[in-house]
Amino acid sequence: MKIGVMSDTHGSLPYFEKALDLLEDCDVIFHIGDVLYHGPRNDLPEGYNPKGVIEKINNLDNIIIARGNCDADVDQMVIKHPIEDGYVLTEVGQVTFLLDHGYLEPKEEIIQRAKDKEANVLILGHTHVKELYMDEDLVVLNPGSTSIPKDGSHSVAIIEIEPIEGNHHQVDMDINLVDITTGEIIEL
């Protein structure tokens, strides 16, 4: 099972397309919010083309979207997939994920919610800065931003889940952050 993770695309068609190219063989794509609008605090991203991004998203059949602070009600009128308010709790390949853009509450509260919901992986967005670390038994991941990175590289994350042979209740999970302009794995 392969999961692609992107966040903070902010309407940039060329960077959205580069992200999709890297994630084309993923079974599921998680978008952690701020899909179309660049927001009042950000400069217009390169290749700003929300209508083009809408068309690409609407052609996907494997995407789950968590609402970000720049996502508006009107976005749901043009995107055929639900833009989920608050957080999304979902299970893929025996792994429970909590998806939250990360702007409504302090990070510590979101981490605690993920633990309370018995999530294995918490995926955040909003900061445009990549993170990947353990908080006790919880993996905390932020894929950074595809279009307006604040840490130097346009990025996505790829999560691979493999069942452990002979044990139906455990999996191996490999998470990589990837620079979408070079295709190289990013070490934090």
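Summarising the geometry of I161 relative to I3, their closest heavy-atom pair is CD1-CD1, 3.8 Å, with the distance given to 0.1 Å. Here the closest non-hydrogen pair linking G33 and S7 is O-OG, 3.8 Å.
With contacts defined as side-chain heavy-atom distances shorter than 4.5 Å, the pair I186/K130 qualifies. Counting heavy atoms from C-beta on, the side chains of V121 and L138 never come closer than 4.5 Å. Residues I158 and V5 have side chains not in contact (no heavy-atom distance under 4.5 Å, counting atoms from C-beta outward). With a 4.5 Å cut-off on side-chain heavy atoms, F16 and K56 count as touching. Side-chain contact between L122 and L124 is present, with heavy atoms from C-beta onward closer than 4.5 Å. Side-chain contact check for I63 versus I65: some heavy-atom pair is nearer than 4.5 Å. Side chains of I29 and E24 form no contact here, defined as non-hydrogen atoms less than 4.5 Å apart. Residues V53 and I57 form a side-chain contact, since some pair of their non-hydrogen atoms from C-beta on lies under 4.5 Å apart.
In this structure, N120 CG and T96 OG1 are separated by 5.0 Å, a value rounded to the nearest 0.5 Å. In this structure, OH on Y15 lies 14.5 Å from CG on D8, to the nearest 0.5 angstrom. Separating the CG atom in D174 from the CD atom in E160 is a distance of 6.0 Å, to the nearest 0.5 Å. Taken from CG in L23 to CE in M6, the straight-line distance is 5.0 Å, to the nearest 0.5 Å. With values rounded to the nearest 0.5 angstrom, L177 atom CG is found 9.5 Å from I185 atom CD1. If you take CD on E118 and CG on D116, they are separated by 9.0 Å, rounding to the nearest 0.5 Å.
A perpendicular orientation is assigned to the rings of F30 and F97, their planes being inclined by more than 60° (bins at 30° and 60°).
Formation of a donor-acceptor pair under 3.5 Å by the N142 side chain with backbone atoms of G125 is found in this model. The main-chain N or O of G102 is found under 3.5 Å from a side-chain atom of D100 such that the two form a donor-acceptor pair. Panel note: side chain S12, backbone E46; a donor-acceptor pair is recorded below 3.5 Å. Of the possible polar contacts, none joining the D179 side chain to the S153 backbone as a donor-acceptor pair under 3.5 Å is found. In this structure a side-chain-to-backbone donor-acceptor pair under 3.5 Å is present from D75 to A72. Counting only distance, with no hydrogens or angles, the side chain of E131 and the backbone of L141 share no donor-acceptor pair below 3.5 Å. A donor-acceptor distance shorter than 3.5 angstrom exists from the side chain of D71 to the backbone of V35, with no hydrogens or angles considered. A donor-acceptor pair under 3.5 Å is absent between the side-chain atoms of T146 and the main chain of S155, judged by distance alone. Under a 3.5 Å cut-off, the side chain of K80 and the backbone N or O of N58 do form a donor-acceptor pair.
Judged by distance alone, the side chains of H154 and H128 never bring a donor and an acceptor atom under 3.5 Å apart. Side-chain atoms of T9 and H31 form a donor-acceptor pair, as typed in the model, at a separation below 3.5 Å. The closest side-chain donor-acceptor pair between D34 and H101 falls under 3.5 angstrom. Looking only at atom types and distance, the side chain of H126 has a donor-acceptor partner in the side chain of N69 under 3.5 Å away.
In the hydrophobic clustering of this structure, Y48 does not group with L13; members are Ile, Leu, Val, Met, Phe, Trp, Tyr whose side-chain heavy atoms approach within less than 4.5 Å, directly or through other members.
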- request: Could you walk me through whether L60 and L20 pass side-chain contact (heavy atoms from CB on, under 4.5 Å), step by step?
  value: CA-CA 10 Å; L60 297 172; L20 284 181; 4.0 Å; yes

task: Test salt bridge (charged side-chain N to carboxylate O under 4.0 Å, His left out) on K115 and D137 and set out the steps.
output: CA-CA 8 Å; K115 290 176 181 178; D137 291 335; over 6 Å; no

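Centroid-to-centroid, the aromatic rings of H10 and Y37 stay 6.0 Å apart or farther.
Checked for salt-bridge contact, R113 and E108 miss the test: no charged N lies under 4.0 Å from a carboxylate O. A salt bridge links R67 to D73: at least one charged side-chain nitrogen sits closer than 4.0 Å to a carboxylate oxygen.
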